[in-house]
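So the structure is just underneath, and the comments pick up after that.
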Amino acid sequence: ITCFVTAILALSLSACAIFEETHGIQEVDNWVRSNEPLAESGRMKWSVFYARYFEKVAAAPVISQGPVIEGVGIMLTAALFYEQGRMDRAGFDSVRGIIRKYQTVDIAAANLLAREALVRALEQKDKATPRSEAGVATGRAP
C-alpha cells in the first residue's frame, strides 16, 4: 500500500508540474501575442518588448527555459543594436526571422543561427558605415 500511495503521490505531483509549466508557457505566449503588435507598430520599443519578454520567460515555471531565455536575450541584444543604429532594419528582421522560424523545431540551432545572423548584420553595418562616420561615432579619429 505504501508503494501504491507513493506512486499516486508522484504521479499527482508530476501532473501538477506539467499543468503549471503548460500554464506558464501559455501565459507567456498570450503576452507575446498581445504585445508584439505594439512593437511592430512602433508604440513599444523592440528593446522594451524583449526585456519584458525576457522577464516573463525567466519567471515562468518552465523546466527547459534556458534555450528560450537565450533566444530572447539574443533578440534583446539585436533590438538594442538596432535602436542604437548599429544594425539596420534588414539585419534586425533577419535575426528575428531566424528565431521565429526555427525556435519551434530546435531552439539551440535557432539560437546559433540567430547569433551568426546578428554578427553578420553588425559586420555589414560596419562595412556600410564610411570610415569618417565610424571615427565620429566611436570618438576616435579615422
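Remember, it's a predicted structure, so these values are computed and weren't measured experimentally.
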Y82 and W46: aromatic ring centres closer than 6.0 Å?
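Centroid distance Y82-W46: not below 6.0 Å, so no.
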How far apart are the closest heavy atoms of A121 and M87, and which atoms are they?
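In terms of heavy atoms, the two residues are closest at CB-CG, 3.8 Å.
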What's the shortest heavy-atom distance between S47 and L80, and which atoms?
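Scanning both residues completely, I find the closest heavy atoms to be CB-CD2, 3.6 Å.
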Under a 4.5 Å cut-off applied to non-hydrogen side-chain atoms, are [X] and [Y] in contact?
X    : Y   : answer
L118 : F81 : yes
E36  : M44 : no
N111 : I99 : yes
F49  : L38 : no
M75  : F92 : yes

Any sub-3.5 Å donor-acceptor pair from S94's side-chain atoms to A90's backbone N or O?
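The answer is no, because no donor-acceptor pair under 3.5 Å joins these two groups.
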Salt bridge (Lys or Arg N to Asp or Glu O under 4.0 Å) contacts touching residues 69-85 (sequence neighbours left out)
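Listed once each, the pairs are E70-R115.
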At what distance, to the nearest 0.5 angstrom, does [atom1] of [X] lie from [atom2] of [Y]?
X    : Y   : atom1 : atom2 : answer
R96  : R89 : CZ    : CZ    : 6.5 Å
E116 : I98 : CD    : CD1   : 8.0 Å
N35  : K56 : CG    : NZ    : 8.0 Å

V28 with F54, same ILVMFWY side-chain cluster at under 4.5 Å:
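Yes, it is one cluster - the side chains of V28 and F54 are joined through contacts under 4.5 Å.
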Using the rule that Ile, Leu, Val, Met, Phe, Trp and Tyr join whenever any side-chain heavy atoms are under 4.5 Å apart, tell me whether V95 and I69 fall into a single cluster.
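Both belong to a single hydrophobic cluster.
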